[in-house]
Amino acid sequence: MKIQLFKKKNKFSHSKWSIMSPGRHWHIALALASFLVVASFAFGLYLFIEENRAIDSLSLDDGKVAVDTISYERIKKVLDIFTEREKRSEEILNSPASFSDPSL
């Protein structure tokens with residue numbers, strides 16, 4: 001029997017916050033991702049509130065909204081342009097293709 005009074009004990013402490021622990025890096029990555037999610041939510045909420053203020057500033061005292069309306073003439077002009085395009089497309093689709101046959 002061997003008696004060892006002063007035995008050297010090797011203590012390897014692997015705490016979850018040690019420098020070499022991969023768990024620490026995952027905690028940091030999770031904290032950064034959580035911060036980005038909360039920050040983007042707060043930024044979206046800020047933009048939403050700012051847009052609501054801008055829309056509220058358009059309203060008049062009567063409760064009517066001061067927005068430019070589109071005139072009937074402008075709508076009619078645009079619809080005429082599309083009607084002309086539709087007619088032109090129909091003409092192109094219904095006309096025979098004119099090409100020379102190289103085998104003749």
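Since the model is a prediction, treat every value here as computed from it, not as a measurement.
Expressed to the nearest 0.5 Å, how far CZ of Phe82 lies from NZ of Lys87 amounts to 15.0 Å. How far OG of Ser89 is from CD of Glu84: 11.5 Å, rounded to the nearest 0.5 Å. Residue Thr83 holds its OG1 atom at 7.5 Å from NZ of Lys76, rounded to the nearest 0.5 Å.
In this view, Glu91 and Arg88 satisfy the salt bridge (charged side-chain N to carboxylate O under 4.0 Å, His left out) rule, not counting sequence neighbours.
Ion pairing between a basic and an acidic side chain is recognised when a charged N comes within 4.0 Å of a carboxylate O; Arg53 and Glu50 show such pairing.
Through ILVMFWY side-chain contacts below 4.5 Å, Val38 is grouped with nothing and stands alone.
Leu30 has its side chain out of reach of Trp26: every pair of non-hydrogen atoms, C-beta onward, lies at least 4.5 Å apart.
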